[in-house]
Amino acid sequence: MSEVSTITNNTTLPVNSAITGKLVYELQPDGQEQVDNLFARAREAADELRRTPLEQRQHAVEQVMDYVRDNRERIVDRICEETGKTRTDALVSEILGVLDNLEWNVHNARKILKDQKIPTPITLMGKKSRVFHEPFGVILKIAPWNYPFHIAMTFSLGAFLAGNAVILKPSEQTPLHGLLEEIFNVAPLIKRSVQVAYGNGMTAQQLIAARPDKIFFTGSTRTGKRILRQAADLLIPAEMELGGKDQMIVFEDVNLKRTVGGAVWGALTNAGQSCTSVERLYIHDSIYDEFVQALVTEVEKLVVNNGDRGDSDIGAITAGFQLDIIEQHVEDARSKGASILTGGARLGDNFYLPTVITNITPDMALHSEETFGPLIPVYKFSTEAEVVQETNSFQYGLTASVWSKDLVRAERVARALEVGGVSINNVMLTEGNPALPFGGQKESGFGRAKGTEGLLAFTRSKSVLIDKQSDIIEPNWYPYTKKKYDIFNRLIEVLFTKSPIKLLKLAVTGMKLEGEAKKPRG
Ligand code: NDP
């Protein structure tokens with residue numbers, strides 16, 4: 001029995017503009033009745049999808065892509081209003097990112113989802129093996145507020161392409177109410193197959209209690225653990241895309257200008273509210289002073305604003321509670337002796353100045369906890385071994401970047417890091433290639449989105465072995481006889497021998513077994 005079956009959600013949830021803080025609209029959370037209806041419709045849609053050829057699903061996703069492309073400025077307006085991100089962050093990470101991912105999925109779905117022919121071993125001669133990649137049925141996607149469009153669209157339509165009905169639960173902070181439906185409605189098949197559930201964590205718990213066939217969660221590690229506990233009771237498989245504290249490691253032989261540019265963007269894009277933001281910048285001690293000076297100079301050039309036309313660099317902090325966390329992390333570090341080289345303060349009610357911090361010690365919260373804000377905490381290191389050991393000692397393991405002209409060294413460090421993805425001489429770029437799997441390890445979660453693995457994650461594999469009708473009784477079927485036992489004994493010997501005439505020996509033993517198989521019972 002689920003502990004949440006009696007929960008009711010009656011209080012409306014305010015959705016505020018992240019730029020002005022003013023109320024934009026109120027959200028009525030879905031209660032148990034709506035959850036039941038969503039699932040009833042989703043089960044029907046899942047049945048319909050099982051009978052719908054892939055081409056129709058591909059065509060439906062292409063219709064949505066066209067609509068997103070043609071309406072992108074209006075979509076950017078909505079995203080910016082609810083998240084407070086800059087127009088460029090919205091256009092590139094949300095719109096371009098979605099179109100890029102969907103196009104890759106549409107283009108590769110046939111190859112990835114088709115029945116797979118699997119080799120059959122010599123001991124099963126005459127038979128054929130296949131794997132069918134079948135949809136789960138109803139997928140539940142629980143999404144966070146930092147990329148409300150990208151995460152909603154790529155997961156929902158990826159799952160749909162693989163043949164699933166989807167229920168999407170956006171964050172109450174950035175529900176984009178009505179926008180996602182408007183887009184899904186462009187294709188009637190998607191309209192019937194992908195539904196949006198509104199509400200907070202309670203609604204999410206009710207959705208889980210209704211037993212989706214698989215859960216995909218993107219959000220904090222804390223919430224991920226709660227979801228896993230609930231899913232465990234119901235034995236629902238779940239994939240977890242969780243928090244990060246990503247490191248950027250800069251060796252002494254880099255091009256300083258480019259690498260400083262990478263650090264500034266990697267730490268501050270989306271105002272640092274990305275799971276893969278650079279949250280620990282390690283600089284080799286021989287270039288540390290020069291690097292930090294250049295870093296501060298570049299950070300101070302950034303335009304912090306919204307209401308932009310594509311020419312602002314840093315947007316607002318989406319949620320008030322997130323701004324409080326950022327402030328607490330900076331003040332905690334300041335009080336314990338960190339140096340704030342630039343920034344370190346709010347700007348108005350909803351922005352935080354991009355901040356460079358040095359002299360960080362392990363007792364400071366920002367050293368090990370995810371900050372999720374526009375901070376660049378800078379560290380010094382002197383050897384490769386030391387920096388690898390230090391970065392691997394943290395609980396998170398999402399992505400990292402390694403910067404060096406020496407690609408042999410960079411690749412060696414990439415292998416040594418306990419993370420799910422590494423960009424070499426670039427930053428946050430593994431997720432820029434839709435063909436690369438994306439996900440973390442340790443407290444950053446498990447499972448992979450994107451690429452072949454990501455599409456297959458929306459399916460379960462069914463193994464099929466095909467034999468023909470004949471009068472042969474398999475040698476390992478009844479009756480067991482001493483003679484068959486001896487032949488099997490011999491078979492094991494010849495199968496696993498290194499003898500140069502193994503095949504000949506195998507043929508002789510095989511024939512003997514076949515002779516036994518053909519003998520009628522009794
Ligand atoms: P949260 O974990 O707070 O929320 C994520 C989603 O879970 C929201 O829809 C939320 O609803 C819902 N939720 C809250 N409580 C529960 C519950 N008890 N049971 C089920 N669902 C619940 O994350 P944030 O929205 O604050 O997102 C920021 C976090 O997401 C960061 O840690 C970031 O690193 C991570 N993230 C990870 C990514 C990755 O790919 N690894 C990508 C992007 C972000 P509601 O908001 O309505 O309360």
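When a ligand or atom number is given, it counts from 1 through the structure's own listing order.
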Which segment of Gln322 sits under 4.0 Å of ligand 1 when only heavy atoms are counted: neither
Lys/Arg cation over aromatic Phe438: Lys450, 6.0 Å, 45° cone: yes
Residue-ligand contact Gln173/ligand 1, heavy atom below 4.0 Å: no
Gln389 atom CD: more than 12 heavy-atom contacts under 6.0 Å: no
Lys/Arg cation over aromatic Phe184: Lys191, 6.0 Å, 45° cone: no
Charged N-O contact under 4.0 Å between Arg78 and Glu94: no
Close side-chain approach of Ile215 to Pro237, heavy-atom, < 4.5 Å: no
Heavy-atom nearest neighbour in the protein, as seen from atom 48 (O) of ligand 1, with distance rounded to 0.1 Å: Glu172 OE2, 3.0 Å
Polar proximity ligand 1 side, Thr221 side, N/O cut 3.5 Å exclusive: no
Contact check: Asn200 vs ligand 1, nitrogen or oxygen atoms, below 3.5 angstrom: no
Nearest-contact summary for atom 11 (O) of ligand 1 - protein heavy atom, Å: Lys169 NZ, 2.9 Å
Tyr147 N/O to ligand 1 N/O under 3.5 Å: no
Shortest protein heavy-atom distance from atom 25 (O) of ligand 1, along with the residue and atom involved: Trp145 CD1, 2.9 Å
Step-by-step side-chain contact (heavy atoms from CB on, under 4.5 Å) determination, Leu54 to Leu161: CA-CA 7 Å; Leu54 175 61; Leu161 257 183; 4.2 Å; yes
N/O separation below 3.5 Å, Ser444 to ligand 1: no
Atoms in ligand 1 with a heavy atom of Ile227 nearer than 4.0 Å: 19 (N), 20 (C), 21 (N)
Whether over 12 other heavy atoms sit under 6.0 Å from Arg211 CZ: no
Contact atoms of ligand 1, heavy-atom distance to Gly199 under 4.0 Å: 47 (O)
Aromatic contact, Phe160 with Phe458 (centres under 6.0 Å): no
Charged N-O contact under 4.0 Å between Glu370 and Lys245: no
Shortest protein heavy-atom distance from atom 38 (C) of ligand 1, along with the residue and atom involved: Cys275 SG, 3.0 Å
Under-4.0 Å heavy-atom contact with ligand 1, by part of Phe438 that carries it: side chain
Nearest candidate to atom 7 (O) of ligand 1, where distance is taken over non-hydrogen atoms, out of Phe372, Phe217, Phe321: Phe217
Cation-pi geometry met for Arg346 and Phe351 (6.0 Å, 45°): no
Numbering as shown, the atoms of ligand 1 that approach Leu398 to under 4.0 Å (heavy-atom distance): 41 (N)
Closest protein heavy atom to atom 21 (N) of ligand 1, given as residue, atom name and distance to 0.1 Å: Ala204 CB, 3.1 Å
Salt bridge present between Asp36 and Arg41 (N-O < 4.0 angstrom): no
For atom 44 (C) of ligand 1, the protein heavy atom that lies nearest, with its residue and separation: Asn146 ND2, 3.3 Å
Residue Asp349 excluded, over 12 heavy atoms near CG under 6.0 Å: no
Closest approach of any protein heavy atom to atom 22 (C) of ligand 1, naming residue and atom: Thr223 CG2, 3.4 Å
Of the listed options Gly447, Ala143, Pro144, closest to atom 27 (O) of ligand 1 (non-hydrogen atoms): Pro144
Atom 32 (O) of ligand 1: nearest protein contact (heavy atom, Å): Glu370 OE1, 2.7 Å
Ser220, Gly201, Gly439: member with heavy atom nearest to atom 2 (O) of ligand 1: Ser220
Within-4.5 Å side-chain heavy-atom neighbours: Ile249 and Trp403: no
